[in-house]
Structures are given as C-alpha cells and as structure tokens.
Amino acid sequence: MESKPVKFLVLIDAGDGMVARFFDENKVHMSDIDAASEEVGVMTKGLTPEHIGNDPAWQRALSSHNPEERAAAQLYTLEL
C-alpha cells in the first residue's frame, strides 16, 4: 500500500508541550514530531498559519485535544 503525502501540519499543545501533527489531504493523522524540531521550521518557512482547529472540518481530526487547544492550534497547508 502506497502512503499518501502529507498535506497539513498542525502545531498544537499536547499538554506537555507543543507537537507537530501531520495529516493527509483527507485529514487522516499520519504522524507526530516535536514542534521544536528543526524540520518544522524548514517546512513552515514562508507559510502563514490558519487558526481553524475548531472548524467542523478539523474537529474530528483533532478530537483528542480540547476546544482551547484546537482554537490556539496553528494549521499550515504544505506545498507539494
């Protein structure tokens, strides 16, 4: 089975610090890394985040986070 490319990166508080969560185009969770990692800075350079974690389209994907965490989340759409 071929893996789908990452489309979205969400920086969100995970209770014990910020985490970078990766999602495909269908908002299916793919993986997480520490938001402080150098790779996150490289991937988000020049991009402007949206704060749409509480939008219905993202509530299911981010359901493990509370409404405050979702509201503060920074969502980046990655260029392919």
Side-chain angles (χ1 to χ4, degrees):
M1 186 166 106
E2 187 176 327
S3 97
K4 292 185 174 185
V6 171
K7 177 72 175 175
F8 302 104
L9 182 153
V10 178
L11 299 181
I12 192 164
D13 187 354
D16 58 350
M18 295 292 284
V19 65
R21 304 191 74 196
F22 297 97
F23 295 86
D24 71 11
E25 64 186 15
N26 296 315
K27 298 175 182 66
V28 174
H29 179 249
M30 299 177 74
S31 65
D32 295 337
I33 63 172
D34 184 341
S37 71
E38 183 178 341
E39 292 86 356
V40 172
V42 171
M43 286 185 275
T44 59
K45 185 175 181 173
L47 300 178
T48 302
E50 296 179 88
H51 296 277
I52 56 174
N54 278 324
D55 284 4
W58 280 99
Q59 282 188 0
R60 181 175 178 158
L62 299 174
S63 64
S64 63
H65 299 275
N66 66 44
E68 292 79 19
E69 291 168 344
R70 290 194 307 264
Q74 299 173 45
L75 179 117
Y76 294 89
T77 301
L78 302 177
E79 302 297 323
L80 300 177

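Heavy atoms only: backbone and side chains are in, while hydrogens, waters and symmetry mates are out. All figures in this text were calculated on a predicted structure; none of them were measured in a lab.
- At a threshold of 4.5 Å between side-chain heavy atoms, the hydrophobic network of Ile, Leu, Val, Met, Phe, Trp and Tyr places Phe22 and Phe8 in two separate groups.
- One finds the CZ atom of Phe23 at 9.5 Å from the OG atom of Ser31 (value rounded to the nearest 0.5 Å).
- For the pair Lys7 and Asp24, the salt-bridge criterion is not met [side-chain N within less than 4.0 Å of a carboxylate O].
- Taking CG of Leu62 as the reference point, atom CZ of Arg70 lies at 7.0 Å (rounded to 0.5 Å).
- The line from OG of Ser64 to NE2 of His29 is 8.0 Å long, rounded to the nearest 0.5 Å.
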Given Asn26 and Lys4, is the side-chain contact (heavy atoms from CB on, under 4.5 Å) satisfied, shown in steps? CA-CA 10 Å; Asn26 296 315; Lys4 292 185 174 185; 2.9 Å; yes

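- In this structure, Val10 and Ala73 approach most closely via the heavy-atom pair CG1-CB, 4.0 Å.
- One N or O on the side chain of Asn66 and one on the backbone of Glu68 form a donor-acceptor pair closer than 3.5 Å.
- Ile33 and Tyr76 end up in the same hydrophobic cluster when Ile, Leu, Val, Met, Phe, Trp and Tyr side chains are linked at under 4.5 Å.
- Annotation: the span from Ile52 atom CD1 to Leu75 atom CG amounts to 4.5 Å, rounded to 0.5 Å.
- We find the CG-CD distance between Asp13 and Gln74 to be 11.5 Å, quoted to the nearest 0.5 Å.
- A heavy-atom distance below 4.5 Å is found between the side chains of Leu47 and Leu78.
- Separation of atoms CE (Met18) and CD (Glu69) is listed at 9.5 Å; rounding is to 0.5 Å.
- Shortest non-hydrogen contact noted between Ala35 and Leu11 is CB-CD2, 3.9 Å.
- Met43 is not connected to Val19 by any chain of hydrophobic side-chain contacts under 4.5 Å among Ile, Leu, Val, Met, Phe, Trp and Tyr, and they are in different clusters.
- A donor-acceptor pair is defined here as one N or O able to donate and one able to accept, closer than 3.5 Å; such a pair exists between the side chain of Asn54 and the backbone of Pro67.
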